[in-house]
Number of protein chains: 2
Amino acid sequence: MRISQLVEESGVPLATVKYYLREGLLPPGTATTATQADYSEQHLHRLRVIRALTGAAGLPVQRARAVLALIDAPDGDLFESLGRAVAALPPYAGVDPDGDYPRARAVIERLGQLFDPQYAAVAQLEHALKAAEDAGLPISDERIEAYGRHLHAIAEFDLGQMPSAAAASDAAAGSAAIEYAVLGTALYEPVILAMRRLAHQDVAAGILEGGHD
Amino acid sequence: MRISQLVEESGVPLATVKYYLREGLLPPGTATTATQADYSEQHLHRLRVIRALTGAAGLPVQRARAVLALIDAPDGDLFESLGRAVAALPPYAGVDPDGDYPRARAVIERLGQLFDPQYAAVAQLEHALKAAEDAGLPISDERIEAYGRHLHAIAEFDLGQMPSAAAASDAAAGSAAIEYAVLGTALYEPVILAMRRLAHQDVAAGILEGGHD
DNA sequence: CTCTTTGGATAGTTTAACTATCCAATCACG
DNA sequence: CGTGATTGGATAGTTAAACTATCCAAAGAG
């Protein structure tokens, strides 16, 4: 298909598609003549992924490009590629190889989970805990345990739902696995937060019943 | 204290403090002379709240101002003020009074929670569900139920931990309640997401044990 | 054969969040 | 009292990200 059809089917403005091409998020089509190129279904799919990442997930274009690069060319170790891909999602917390992440370490060890300071999520947790502390709302051990229990259960469900194709170990499936993991993380997190906020209101309404309305 | 001390104790650059004053996030100090003002502990506290909102919570300055205004002057109905304050937190989803939010409605009713299209979280959920769908990762009913169960439990814990001062109903306590709710939502959400990502890695490592490293 | 459409390059726009400069009025100290 | 450093406040400048608009030569369509 021509670029105009890509624009029409995706709903993304032409100037923006050109921008993504320029920035390397969207691979160029196969040139048919000096001034014309052909685009495939894959381009359309890629465009949807780009919009999911930059829109719902809120990634800057530069980070989206990094994530897409990992999807396109996962290196040998799938586990590591997955980690790096998810690390590119917000909130961004650079991993300091010499950091010791005391708050995060205490939390993770309390929960009996494995602690590897290389995980970007460790740095994210450390920053989040520190921010809460700095603002005067430190997180209690009971809260950590309550959250940890329920989130681990959610994580078990998530992994259980992972399509078997994505769990395969051949290189071709690596791309699918990374794309699934990245999109699943980026797209389901807002759902989780919205559901928690709604649950808050449900619980609060129960407590305040009669006191309100 | 003078502005320089405010700068020193908060760690926020002078130019930025002036910017917050200009933008109305930080109330002016009490002027002692034509060119000097006095700032209190409250200003220091406010500065910490501002940094929590604009930094960790990722609010644009304009939205932070709206949240702070609600903290300063909650109107009569605390429940509504709370709703509006939390609605100002990202992700931003404008509430359309005529919207019917079909996906969110289905989810909330399936969970047996109360559904009020006025809640910003309903619009947030709708958008999040739509984004997942558009990207080709629709959310199954089983997932909704699993998430819903655990998130409701987390919400129950959250409300149970709310300091009694914040649950008081006199106007003075309204500010404290809103500040607590907003900061708690904004600061704990990143903790929740980081913990889920870590749980993913813990579960994945368990599944892949032997297959990896 | 002409007239519209296309691909691609280049430059411009917009918004947000600071950041730097200026200036006159103090304040601190001797 | 005098003088040099500091302060409050106004104004303008900077930076970065994400588009958006313009231009031009080369196809393609009727």
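Throughout, protein chains are lettered first and strands after them, A, B, ... in sequence-line order, and every chain is numbered starting at 1.
- Crowding of A/Glu23 atom CD: a count of heavy atoms from other residues, nucleotides or ligands under 6.0 Å exceeding 12.
- Between A/Glu23 atom CD and D/dA17 atom P there is a gap of 10 Å when expressed in whole angstrom units.
- In this structure, B/Asp38 places its CG atom 17 Å from C1' of D/dG9, rounding to the nearest Å.
- When rounded to the nearest whole Å, the span between CG of B/Leu26 and C1' of D/dG9 equals 14 Å.
- Atom pair A/Leu21:CG and D/dA18:C1' shows a separation of 15 Å (rounding to whole Å applied).
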Can you give one letter per nucleotide of nucleotides 12-21 of chain C, 5' to 3': B if a protein heavy atom sits under 4.0 Å from the base, S if only from the sugar-phosphate, - if neither?
----SBBB--
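- Ion pairing of A/Glu126 with A/Arg105 is absent here, as no side-chain N (NZ or NE/NH1/NH2) approaches a carboxylate O to less than 4.0 Å.
- Within 6.0 Å of the CZ atom in A/Arg2, the count of heavy atoms belonging to other residues, nucleotides or ligands does not exceed 12.
- Using a 4.0 Å cut-off between a side-chain N of Lys or Arg and a carboxylate O of Asp or Glu, A/Arg196 and A/Asp202 do not qualify as a salt bridge.
- The distance from atom CZ of A/Arg63 to atom C1' of D/dA16 is 14 Å, rounded to the nearest whole Å.
- Of the N and O atoms on the side chains of B/Glu9 and B/His43, not one donor lies less than 3.5 Å from an acceptor on the other residue.
- The minimum heavy-atom distance linking A/Tyr119 with A/Leu114 is given by the pair OH-CD1, 3.4 Å.
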With 3.5 Å as the limit, what N/O pairs link the protein to nucleotides 1-7 of chain D?
residue : atom : partner : partner atom : Å
D/dT7   : OP1  : B/Ser4  : OG           : 2.9

Report all side-chain donor-acceptor pairs from residues 47-56 of chain B shorter than 3.5 Å, counting only partners two or more places apart or in another chain.
residue : atom : partner : partner atom : Å
B/Arg51 : NH1  : B/Tyr20 : OH           : 2.8
B/Thr54 : OG1  : B/Ile50 : O            : 3.0

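- Taking the ring centre of A/Phe157 as origin, the terminal cationic atom of B/Arg143 falls outside the region bounded by 6.0 Å and 45° from the ring axis.
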